[in-house]
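Below is one structure; the comments refer to it alone.
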Amino acid sequence: MASIDSTSLVSQPKPLNILLVASEAVPFAKTGGLADVAGTLPLELTRLGHRVSLIMLGYSMIDASTHGLTPWGQLSVPTATGPKEAIVECGVLPDATLPAGRQAQIFAVRHDPYFARKGLYQESGADYPDNLERFAFFCRAVVQWLVEFQNKAKWVPDVIHAHDWQTALCLAYLKILYVDYTQHHAVGTLFTIHNLGYQGLFPASDYPKTGLPPSLFVPSGLEFYGSCNILKSGLIYADLLSTVSETYSREIQTPEFGFGLDGLIRERHDRLVGVVNGIDTNVWNPATDTHLPAHYCATEVSGKRACKSALQHEMKLPVKDVPLLAVVSRLSVQKGLDLVAAIVPELMRLNVQLVLLGAGDVSAEDQWRSLHGRYPHQLGLRIGFDEGLAHRIEAGADLFVMPSRYEPCGLNQLYSLRYGTVPIVRRTGGLADTVVPYTPTTVQERRATGFMFGEASADALLNAVLLALQVYKDRTEWSRLIQTAMQTDVSWARSTRAYEAVYRQTLRSVRGDS
Ligand code: ADP
Ligand code: GLC
């Protein structure tokens, strides 16, 4: 695995022009953690002095006037079926701590036939059938915009940082169709895998819609067991690869976590780094969070009790002093919530409460509705996506459960640490890297921040919960655990420096310098 040379930061402080490309970003559009990362990393990089822009899709839910977006220009985007018009809008990423003129820029690519829809990727559980066309169009627009942008705004990125399969075609376009631009400007590229389980798989007959030459539809290109795999264009054509935790960067090189791509990733392992996500500590701050009914901090946690009572009330649970467990999650197989569902009867016998906020697989939603019907006084349920409630749950719960089968990084355990809500996690990916499990040694060293189990089974989860509930009864021990959790550094500070080093490494790989 490539190591990050952090000494290069001291000797090469030149600010970089960085372009991030993502399919969702807070506060514009969000379905999961990618949005938190894509919306926050530009701000953090800007704080370090870099000139950062983010370009994303102009979904119709992104209201131009609410977000202060103004027209930037019009693009004629070449596609497999002829040129199509895109409108690019531009504004700044909101952040009160950055002075005017020093903010990160946001660009949104509008093309209503593709992007003016209810969802980002799907509706009622079904992917949009034209997703390949939608994201190919977006990627082609990004690269076309770059070429026109250099003339109009005299700005060329040093580094392009693309995220997940929806933006992966940018890398192929840059290296194959826009090679003159890429070589002339010696642009470095980084592709970040946030979740290898989502690869952008389409029938082979759709491949021509990418606009790439037929010669690339081979196993060493975008072909994947007879299908077209869009993620591969990022894995193959980016100068460097990263993923969102060190453990996950190792896991995806194994058949168990590789989703069929572990061989390709092993081939490029010397180009792969793991950089764990941080969180926006301004937005996720229990001392100031505007979604909360009361505030608290590591040295004064009494406000957390008020948040708990308010949450019990909001979720229609009896307001009483019993352990309150919580889940906020996409309901997908990845998240392992079937293991939680399996132990619900046992949990209910233990006199605890559980709240779950989630949306996703229709069968999982139904299963939770039916459990709620059985235990309405102990199980609080909200099916749907609710940002404010997610904050109130992080603040009001005692324990946060994440039994993921795999978890590239995970953000909720980081929010939980910050909010003194002790995480119970499975030992995988970023969960293993960010939670210090409760053991005799870590307790003695005052490093424990949560509970961890290994096997993806209901029994293993239950044992971890039972241990947590036993510790919960010891108020002194519990307060100590909360203190240590809340003092954990979950900010972006270290990881932003790590990305900075990776960006410089991409430049060395294309320019032979920094
Ligand atoms: P993933 O990206 O795999 O879904 P993460 O833990 O990285 O997992 O990030 C999930 C993000 O989405 C967190 O910010 C979490 O609070 C948020 N989230 C997930 N489900 C919901 C929901 N139903 N309502 C509100 N926020 C949610
Ligand atoms: C993905 C992963 C999650 C990660 C997030 C942001 O959605 O499933 O683990 O935290 O991306 O990187």
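This structure is a prediction, so every number in the text was calculated from the model and none was measured. Note that these values count all heavy atoms, side chains included, but never hydrogens, waters or copies made by symmetry.
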Minimum heavy-atom distance between Tyr406 and Thr428, given as atom pair plus value: CA-OG1, 3.8 Å
Under 3.5 Å donor-acceptor, Glu365 side chain and Gly360 backbone: yes
Residues Arg446 and Thr484: side-chain donor-acceptor under 3.5 angstrom: no
Residue pair Val88 / Gln74, side-chain heavy-atom distance below 4.5 Å: no
Donor-acceptor under 3.5 Å (Ser495 side chain, Trp492 main chain): no
Listed partners of Asp338 passing side chain to side chain donor-acceptor pair (under 3.5 Å), at least two apart: Arg405
His50 versus Glu500, side-chain donor and acceptor atoms under 3.5 Å: yes
Derivation and outcome, side-chain contact (heavy atoms from CB on, under 4.5 Å), residues Phe385 and Glu387: CA-CA 7 Å; Phe385 197 92; Glu387 186 75 25; 3.9 Å; yes
Test ring-ring contact (aromatic ring centres under 6.0 Å, His included) applied to His313 - qualifying residues, sequence neighbours left out: none
Flag for Thr192-His161: side-chain donor and acceptor within less than 3.5 Å: yes
Ser245 side chain vs Tyr248 backbone, donor-acceptor pair below 3.5 Å: yes
Pairing of Arg392 and Glu314 as salt bridge, 4.0 angstrom limit: yes
Leu357 backbone acceptor or donor facing Arg382 side chain under 3.5 Å: no
Check: Glu24/Tyr121 side-chain N/O donor and acceptor closer than 3.5 Å: yes
Whether Asp433 side chain and Glu246 backbone form a donor-acceptor pair below 3.5 Å: yes
Pairwise side-chain contact, Phe400 with Asn412, heavy-atom cut-off 4.5 Å (strictly under): yes
From Lys473 atom NZ to Leu469 atom CG, the distance as rounded to the nearest 0.5 Å: 7.5 Å
From CA spacing to verdict: side-chain hydrogen bond (donor to acceptor under 3.5 Å, both in side chains), Thr243, His194: CA-CA 6 Å; Thr243 186; His194 290 264; over 6 Å; no
Parallel, tilted or perpendicular: rings of Phe149 and Trp72 (30°, 60°): perpendicular
Closest non-hydrogen atom pair, Gly58 against Phe115: O-CB, 3.7 Å
Closest contact, heavy atoms only, Leu354 versus Ala326: CD1-N, 4.2 Å
Exercise: do Asp361 and Ser332 side chains pair donor with acceptor under 3.5 Å: no
Pair Asn285-Tyr419, side-chain donor/acceptor within less than 3.5 Å: no
Side-chain donor/acceptor of Gln312 to backbone N/O of Lys320, under 3.5 Å: yes
Any Leu43 side-chain heavy atom under 4.5 Å of Thr46 side chain: no
Ring pair (Phe, Tyr, Trp, His ring centres under 6.0 Å) evaluation trace for Phe138 with Trp145: CA-CA 10 Å; Phe138 169 66; Trp145 167 81; 9.7 Å; no
pair Pro129-Phe202: side-chain heavy atoms closer than 4.5 Å: no
pair Ile230-Leu169: side-chain heavy atoms closer than 4.5 Å: yes
Val273 backbone acceptor or donor facing Ser242 side chain under 3.5 Å: no
Verdict with supporting geometry, Asp489 and Arg494, salt bridge (Lys or Arg N to Asp or Glu O under 4.0 Å): CA-CA 9 Å; Asp489 181 6; Arg494 271 190 67 219; over 6 Å; no
All pairs passing salt bridge (Lys or Arg N to Asp or Glu O under 4.0 Å) where residues 98-119 contributes a residue, at least two apart: Glu89-Arg110, Arg117-Asp130
Arg427/Phe453 under side-chain contact (heavy atoms from CB on, under 4.5 Å): CA gap, chis, key distance, verdict: CA-CA 6 Å; Arg427 187 178 298 104; Phe453 62 101; over 6 Å; no
Criterion side-chain contact (heavy atoms from CB on, under 4.5 Å) on Val327 and Ile393, from CA distance to verdict: CA-CA 8 Å; Val327 173; Ile393 289 177; over 6 Å; no
Pairs flagged by salt bridge (Lys or Arg N to Asp or Glu O under 4.0 Å) wherever residues 273-300 is involved - sequence neighbours left out: none
Pairs where residues 447-467 contributes a residue and the test salt bridge (Lys or Arg N to Asp or Glu O under 4.0 Å) is met, not counting sequence neighbours: Glu445-Arg447
Any donor-acceptor N/O pair, Gln378 side chain to Val352 backbone, under 3.5 Å: yes
Criterion side-chain contact (heavy atoms from CB on, under 4.5 Å) against Asn277, the qualifying member of Val37, Thr40, Leu41, Val490: Val37
Under 3.5 Å: donor-acceptor pair, side chain of Arg418, backbone of Trp284: yes
Ring geometry between Phe137 and His111 (parallel below 30°, tilted from 30 to 60°, perpendicular above 60°): tilted
Contacts of Arg369 that satisfy side chain to side chain donor-acceptor pair (under 3.5 Å) - sequence neighbours left out: Asp366
Min side-chain heavy-atom separation Leu98-Arg47 under 4.5 Å: yes
Side-chain touch Met452/Pro423, heavy atoms, less than 4.5 angstrom: no
Polar side chain donor-acceptor pair, Glu394 to Ser416, under 3.5 angstrom: yes
Steps toward side-chain contact (heavy atoms from CB on, under 4.5 Å) verdict (Val435, Phe451): CA-CA 8 Å; Val435 175; Phe451 298 87; over 6 Å; no
Closest non-hydrogen atom pair, Met56 against Ala25: CE-N, 3.7 Å
Residue pair Asn131, Tyr114: steps toward the side-chain hydrogen bond (donor to acceptor under 3.5 Å, both in side chains) verdict: CA-CA 9 Å; Asn131 269 348; Tyr114 284 148; over 6 Å; no
Leu132 CG to Asp127 CG distance, which is reported to the nearest 0.5 Å: 12.0 Å
Heavy-atom side-chain contact between Gln103 and Asp95 under 4.5 Å: no
Shortest non-hydrogen contact between Val21 and Cys170, atoms and distance: CG1-SG, 4.1 Å
Donor-acceptor contact below 3.5 Å, side chain Thr421 vs main chain Leu417: no
Gln334 versus Asn195, side-chain donor and acceptor atoms under 3.5 Å: yes
Minimum heavy-atom distance between Thr167 and Ala162, given as atom pair plus value: OG1-CB, 3.3 Å
Glu123 and Tyr128 side chains, donor-acceptor separation under 3.5 Å: yes
